[in-house]
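Excluded from the calculations below are hydrogen atoms, water molecules and symmetry mates; all remaining heavy atoms, backbone and side chain alike, are included.
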Amino acid sequence: MTEAKRIQTNAWLLLLMIPLFVMGYSFAVDAERLFWVFEWSYYVLIAALLIFALWNTAAAKGSLKWAAGAIAAFLLQLIVLSLYVGPFTIYAMFFVFYAVTAAVLFILIMAFRKTDRYRVMIGLFIGLSIIMVLYMALIQSLWGVNWM
């Protein structure tokens, strides 16, 4: 399998999150006692995708390395967001998320500049990252603690 094909496979496997989120919503609404199935499925999928993305980043050369790194960086940001929403819902996690997001956005912008083939995917990651930041800023403003 070529480097480009592995990166495409990793990007397509990211779409597995959509039916997984539909399943999670269904469990949260109709069968709450089965919600743990969604949680574990989500963590296994994210871990497998991150390992695959890191492997692709190590194996790729040139601009493909930046595309694979963009996938890995986005997954890292998603992991930190999931940690906040999941077991570590504490105020200090806002700032951990913002620090990780700053690093991820730097990587995504560099990847957007250095690659031509996967610009749409990387642009989508940048947009989703901005949406996640807006979500965290909204949650932080509703927390009841001052911004600073």
Side-chain angles (χ1 to χ4, degrees), residues 1-29 35-143 145 147:
M1 186 179 277
T2 65
E3 297 167 351
K5 191 70 171 168
R6 282 196 310 259
I7 292 170
Q8 287 176 348
T9 302
N10 200 356
W12 284 110
L13 287 174
L14 279 170
L15 292 176
L16 285 175
M17 285 192 224
I18 295 170
L20 188 66
F21 289 150
V22 170
M23 180 187 74
Y25 175 78
S26 174
F27 285 162
V29 172
F35 191 71
W36 64 272
V37 174
F38 162 73
E39 289 176 329
W40 280 99
S41 301
Y42 176 74
Y43 294 137
V44 167
L45 178 64
I46 290 292
L49 287 174
L50 183 64
I51 290 168
F52 192 43
L54 292 174
W55 178 52
N56 288 338
T57 304
K61 292 176 179 62
S63 67
L64 293 177
K65 184 177 279 290
W66 282 100
I71 294 172
F74 178 74
L75 287 169
L76 178 67
Q77 182 185 19
L78 201 58
I79 288 169
V80 174
L81 177 72
S82 301
L83 283 175
Y84 170 78
V85 174
F88 297 110
T89 307
I90 56 176
Y91 192 74
M93 282 301 289
F94 285 112
F95 304 107
V96 172
F97 175 78
Y98 293 143
V100 169
T101 297
V104 166
L105 281 174
F106 176 76
I107 292 170
L108 290 175
I109 290 170
M110 291 299 294
F112 190 79
R113 288 182 180 173
K114 302 240 179 191
T115 186
D116 293 328
R117 190 168 181 185
Y118 297 102
R119 289 187 121 184
V120 172
M121 177 188 68
I122 296 169
L124 180 66
F125 289 159
I126 291 171
L128 290 172
S129 295
I130 291 169
I131 290 171
M132 284 188 257
V133 168
L134 293 174
Y135 169 75
M136 289 295 279
L138 175 68
I139 296 298
Q140 186 177 12
S141 69
L142 294 174
W143 191 278
V145 179
W147 280 86

message: Return the CG to CG distance between Leu108 and Leu124, rounded to the nearest 0.5 Å.
response: 10.5 Å
message: Gln140 vs Tyr98, test: side-chain contact (heavy atoms from CB on, under 4.5 Å). Steps then yes/no.
response: CA-CA 11 Å; Gln140 186 177 12; Tyr98 293 143; 2.8 Å; yes
message: Which label fits Phe35 and Phe38: parallel for a plane angle under 30°, tilted from 30 to 60°, or perpendicular past 60°?
response: tilted
message: Please give me the minimum heavy-atom distance between Ile139 and Tyr84, naming the atom from each residue.
response: CG2-OH, 3.3 Å
Give the table of side-chain donor-acceptor pairs shorter than 3.5 Å for residues 52-81, with sequence neighbours excluded, one pair per line with atom names and distance.
residue, atom, partner, partner atom, Å
Asn56, OD1, Arg6, NE, 3.1
Asn56, ND2, Arg6, O, 3.4
Asn56, ND2, Phe52, O, 3.3
Thr57, OG1, Ala53, O, 2.8
Thr57, OG1, Ala68, O, 3.3
Thr57, OG1, Gly69, N, 3.4
Lys65, NZ, Thr57, O, 2.7
Lys65, NZ, Ala60, O, 3.4
Gln77, OE1, Ser129, OG, 2.6
Gln77, NE2, Thr101, OG1, 3.1

message: Using 0.5 Å steps for rounding, measure from the CD1 atom of Ile131 to the CE atom of Met136.
response: 15.0 Å
message: Does Tyr25 have more than 12 heavy atoms from other residues, nucleotides or ligands lying within 6.0 Å of its OH?
response: no
- prompt: What's the spacing between Leu49 CG and Ile46 CD1 if we round to 0.5 Å?
  reply: 6.0 Å
query: So, do Val104 and Phe125 sit near enough that their side-chain heavy atoms are less than 4.5 Å apart?
result: no
task: Can you sort out the partners of Phe27 under ring pair (Phe, Tyr, Trp, His ring centres under 6.0 Å), two or more places apart, ordered by chain and number?
output: none
field: Gap separating the OG atom of Ser41 from the CH2 atom of Trp36, nearest 0.5 angstrom
entry: 8.5 Å
- request: To the nearest 0.5 angstrom, please state how far the OH atom of Tyr91 sits from the CE atom of Met93.
  value: 13.5 Å
query: Taking only residues at least two apart or on different chains, which pairs with a member in residues 103-119 satisfy side-chain hydrogen bond (donor to acceptor under 3.5 Å, both in side chains)?
result: none
Which residues share a side-chain hydrogen bond (donor to acceptor under 3.5 Å, both in side chains) with Ser82, sequence neighbours left out: Tyr42
message: Could you work out, with ring pair (Phe, Tyr, Trp, His ring centres under 6.0 Å) as the rule, every residue matching Phe106, not counting sequence neighbours?
response: none
message: Run the ring pair (Phe, Tyr, Trp, His ring centres under 6.0 Å) test against Tyr135 and tell me which residues pass, sequence neighbours left out.
response: none
message: Working to the nearest 0.5 angstrom, can you tell me the gap between Leu45 CG and Leu50 CG?
response: 11.0 Å
